[in-house]
Colleague: 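The structure that follows is given in the form of structure tokens.
Since this is a predicted model, take the numbers as computed values, not measurements. Numbering of ligands and ligand atoms starts at 1, following listing order.
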Amino acid sequence: MSIVFDEIENKVKNGVRLTREDGIALFKSNDLAWLGSLANLVRQRVSGEYVYYNVNRHINLTNICTSRCDFCAFGCDADSLQSYAMNKDNVMEIAMLAAKDEDLREFHIVSGLHPDWPFEYYLNIIKALKEALPHIHLKAFTAVEITHFAEISGKSIKEVLSELHAAGLDSMPGGGAEILSDRVREELCPNKATATEWLNVARIAHQIGIRSNASMLYGHIETLEERVDHLLSLRELQDETGGFQTFICFPFHPHNTVLDGKIVQTSVWDELKTMAISRLMLDNFKNIKAYWVMLTLPIAQLALGFGANDIDGTVSEEKIMHAAGAKSAKSLTKEVIINTIRETGRIPVERDSMYNIVKIL
Ligand code: V47
């Protein structure tokens with residue numbers, strides 16, 4: 001092994017923070033077993049043998065979206081045959097049905113940027129869900145949606161977040177971060193929050209007591225340096241606020257998107273490598289999620305040996321990634337998740353949305 005890699009290994013073993021150059025060197029390494037063993041070491045140090053999952057339900061209020069990002073197969077125009085938009089009754093019907101499962105602990109709510117809905121619509125949905133089902137955690141609205149709400153309401157980001165928090169919003173999902181680079185966003189998603197805006201929403205959310213997740217969408221037009229810089233931006237903000245709960249990396253699925261046929265889909269090799277490097281660079285994140293919906297269950301299981309300590313949840317019923325051709329199931333039972341974790345020799349732990357332990361299995 002070269003001196004650079006020896007130095008990186010020593011840093012990781014001694015808990016010394018890796019630099020931008022180290023991150024770039026890691027992406028240039030193809031010693032997957034070595035990357036995995038280092039990431040596994042760090043994972044074990046920060047999180048032990050527990051692998052977390054939760055029992056959750058996804059609700060996507062609408063797929064009508066003004067942003068129409070090149071990487072997205074979910075968003076569409078209002079006049080599209082596929083378009084849908086839920087009213088409060090539709091949402092409550094889905095929520096009440098899902099809540100019949102006594103174990104359900106979280107609604108995960110991510111949607112398109114609807115051109116006509118006012119901010120009050122979203123506030124009313126959160127209020128109604130919290131009033132009817134106060135025991136269920138509401139992880140809702142990415143930083144991109146929050147920026148959109150500020151634009152349509154004329155309120156500041158802080159006002160939008162404070163009002164949603166008061167109405168019952170508990171935490172925020174990590175989507176919309178894509179790659180935090182102006183170059184990439186200009187090309188892929190110019191009609192939504194910029195990198196600075198995304199980070200600023202997360203910062204303000206953390207300052208007022210709303211925890212959030214972070215993510216990276218990779219395997220499209222970004223360079224390896226841009227992946228590293230993305231991870232460093234998240235690490236820097238986490239140093240400042242400590243408000244990120246977990247990091248998720250989404251391998252890009254090109255099917256049905258503008259980029260279909262132009263981008264070669266990520267390999268398992270790249271997915272495991274990116275998982276491991278994320279764990280190594282994000283030394284201040286306790287939780288790294290192997291999102292089985294994107295990775296497929298077998299790769300998510302492998303990723304547990306490459307730095308991940310969380311496998312997301314039962315999900316039912318996933319729409320965004322399946323619009324882009326995801327081959328995984330649309331939901332999983334707890335039993336399947338538990339067996340998947342057990343096979344790796346690790347301990348399945350059912351968690352709530354704040355990573356409090358519900359049950360050790
Ligand atoms: O922002 C969209 C990604 C995100 C594609 O916080 C795609 O626990 C790959 O926020 N290929 C939305 N990725 C989903 C999201 C989420 C999902 C699961 C867990 C959590 C969490 C958050 O999905 C988008 C974008 O980054 N995405 N299209 C695609 N074709």
Colleague: For K139, state whether at least one heavy atom is located under 4.0 Å from any atom of ligand 1.
Modeller: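 The answer is yes: ligand 1 sits under 4.0 Å from a heavy atom of K139.
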Colleague: How far is atom 13 (N) of ligand 1 from its nearest protein heavy atom, and which residue and atom name does that atom have?
Modeller: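 Here the closest protein heavy atom is L217 CD1, 3.1 Å.
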Colleague: Kindly say whether L61 contributes a backbone atom to a donor-acceptor pair with the side chain of S111 at under 3.5 angstrom?
Modeller: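 Here the side-chain-to-backbone pair exists.
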Colleague: Which ligand 1 atoms does A324 reach within 4.0 Å, using its non-hydrogen atoms?
Modeller: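 Taking each heavy atom of A324 in turn, ligand 1 has 30 (N) under 4.0 Å.
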Colleague: May I ask you to identify, for P173, whether its side chain, its backbone, both or neither come under 4.0 Å of ligand 1 on a heavy-atom basis?
Modeller: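 The answer is both.
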Colleague: Nearest protein heavy-atom contact for atom 1 (O) of ligand 1: which residue, which atom, what distance?
Modeller: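 Nearest protein contact, heavy atoms only, for atom 1 (O) of ligand 1 is G176 N, 2.7 Å.
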Colleague: Run through R45, K11, Q238, R17 and flag the one making a side-chain hydrogen bond (donor to acceptor under 3.5 Å, both in side chains) with D283.
Modeller: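 It is R17; the other options fail the test.
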Colleague: Any Lys/Arg nitrogen of E178 or R185 sitting under 4.0 Å from an Asp/Glu carboxylate oxygen of the other?
Modeller: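 No.
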Colleague: Does the residue G325 have a heavy-atom contact with ligand 1, meaning some pair of atoms that are separated by less than 4.0 Å?
Modeller: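 No; G325 lies far enough from ligand 1 that no heavy-atom distance drops under 4.0 Å.
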Colleague: Before giving the answer on salt bridge (charged side-chain N to carboxylate O under 4.0 Å, His left out), spell out for E222 and R183 the whole-Å C-alpha distance, their side-chain angles and the decisive distance to 0.1 Å.
Modeller: CA-CA 9 Å; E222 86 288 0; R183 182 196 76 82; over 6 Å; no
Colleague: Run the numbers for me: atoms of ligand 1, each under 4.0 Å from some heavy atom of K289, listed by number.
Modeller: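 Heavy-atom distances to K289 below 4.0 Å select 8 (O), 21 (C).
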Colleague: Mind telling me whether H58 and H108 have parallel, tilted or perpendicular rings, with 30° and 60° as the class edges?
Modeller: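 The arrangement is parallel - the two ring planes meet at less than 30°.
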Colleague: For atom 23 (O) of ligand 1, what is the closest protein heavy atom, and at what distance to 0.1 Å?
Modeller: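 Atom 23 (O) of ligand 1 sits closest to the protein heavy atom M321 CE, 3.1 Å.
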Colleague: Is any N or O atom of G175, backbone or side chain, closer than 3.5 Å to an N or O atom of ligand 1?
Modeller: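 Looking only at distances, the answer is yes, because the N/O contact criterion of under 3.5 Å is met.
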Colleague: When you measure from the side chain of Q245 to the backbone N and O of S353, does any donor-acceptor pair fall under 3.5 Å?
Modeller: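 Yes, because the side chain of Q245 sits within donor-acceptor range (under 3.5 Å) of the backbone of S353.
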Colleague: Can any side-chain N or O of T246 pair as donor or acceptor with the backbone N or O of N287 at less than 3.5 Å?
Modeller: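 Indeed, once roles are kept as given, a pair shorter than 3.5 Å links the two residues.
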Colleague: Report the nearest protein non-hydrogen atom to atom 18 (C) of ligand 1: residue, atom name, distance rounded to 0.1 Å.
Modeller: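 Protein heavy atom at minimum distance: Y291 CZ, 3.3 Å.
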Colleague: Picking from K289, R351, K286, what satisfies side-chain hydrogen bond (donor to acceptor under 3.5 Å, both in side chains) with D310?
Modeller: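 For D310, the side-chain hydrogen bond (donor to acceptor under 3.5 Å, both in side chains) test succeeds with only one of K289, R351, K286, which is R351.
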Colleague: Answer yes or no: is there a side-chain heavy-atom contact under 4.5 Å between T314 and Y53?
Modeller: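 No - every pair of side-chain heavy atoms lies 4.5 Å or more apart.
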Colleague: Would you mind reporting whether D77 and I64 have side-chain heavy atoms less than 4.5 Å apart?
Modeller: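 They are not in side-chain contact.
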Colleague: Determine, stepwise, if the pair F149 / Y122 fulfils ring-ring contact (aromatic ring centres under 6.0 Å, His included).
Modeller: CA-CA 9 Å; F149 301 161; Y122 303 93; 4.2 Å; yes
Colleague: What part of T246 sits under 4.0 Å from ligand 1 if we count only heavy atoms: the side chain, the backbone, both or neither?
Modeller: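 Contact part for T246 vs ligand 1: neither.
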Colleague: Using the six-membered ring wherever Trp is involved, compare the ring planes of Y50 and Y52 and label them parallel, tilted or perpendicular (cut-offs 30° and 60°).
Modeller: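 Geometry flag for Y52 against Y50: perpendicular rings.
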Colleague: Could you tell me the residue and atom name of the protein heavy atom closest to atom 25 (C) of ligand 1, and the distance to it rounded to 0.1 Å?
Modeller: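 In this structure, atom 25 (C) of ligand 1 has E178 OE1, 3.3 Å as its nearest protein heavy atom.
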Colleague: Under 4.0 Å, heavy atoms only, figure out whether ligand 1 is touched by the backbone of V293, its side chain, both or neither.
Modeller: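 The answer is neither.
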Colleague: Please work out whether any backbone atom (N, CA, C, O) or any side-chain heavy atom from C-beta onward of F250 is under 4.0 Å from ligand 1, and answer side chain, backbone, both or neither.
Modeller: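 Near ligand 1, F250 shows its side chain, while the N, CA, C and O stay back.
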Colleague: Considering only protein heavy atoms, which is closest to atom 6 (O) of ligand 1, and at what distance to one decimal place?
Modeller: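 Of the protein heavy atoms, G174 N, 2.7 Å lies nearest.
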Colleague: Between F71 and ligand 1, which part of the residue brings a heavy atom under 4.0 Å of the ligand: side chain, backbone, both or neither?
Modeller: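 The answer is both.
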Colleague: Quick one: nearest non-hydrogen protein atom to atom 11 (N) of ligand 1, plus distance?
Modeller: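 So the nearest neighbour among protein heavy atoms is H253 N, 3.0 Å.
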Colleague: Heavy atoms only, cut-off 4.0 Å: how does S215 contact ligand 1, side chain, backbone, both, or neither?
Modeller: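 Near ligand 1, S215 shows nothing, with every heavy atom at 4.0 Å or more.
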Colleague: Show me which atoms of ligand 1 lie under 4.0 Å from any heavy atom of M294.
Modeller: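 Per the distance check, 9 (C), 11 (N), 13 (N).
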Colleague: With a 3.5 Å distance limit and no angle check, can you tell me whether K262 reaches the backbone of V258 through a side-chain donor-acceptor pair?
Modeller: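 Checked: pair present.
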Colleague: Give the numbers and elements of all ligand 1 atoms closer than 4.0 Å to a heavy atom of I320.
Modeller: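 That gives atoms 2 (C) of ligand 1.
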Colleague: Can you tell me the protein heavy atom closest to atom 22 (C) of ligand 1 and the distance?
Modeller: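 Its nearest protein heavy-atom neighbour is H108 CE1, 3.4 Å.
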Colleague: Which of the atoms of ligand 1 are close to I248, meaning less than 4.0 Å from one of its heavy atoms?
Modeller: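 Under 4.0 Å from I248, ligand 1 has these atoms: 6 (O), 8 (O), 20 (C), 21 (C).
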Colleague: List every atom of ligand 1 that sits less than 4.0 Å from any heavy atom of N213, numbering the atoms from 1 in the order shown and giving each element.
Modeller: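 Answer, ordered by atom number: 6 (O), 8 (O), 21 (C).
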Colleague: According to the interplanar angle, ranging from 0 to 90°, do the rings of F244 and W198 count as parallel (below 30°), tilted (30 to 60°) or perpendicular (above 60°)?
Modeller: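 Correct class here is parallel.
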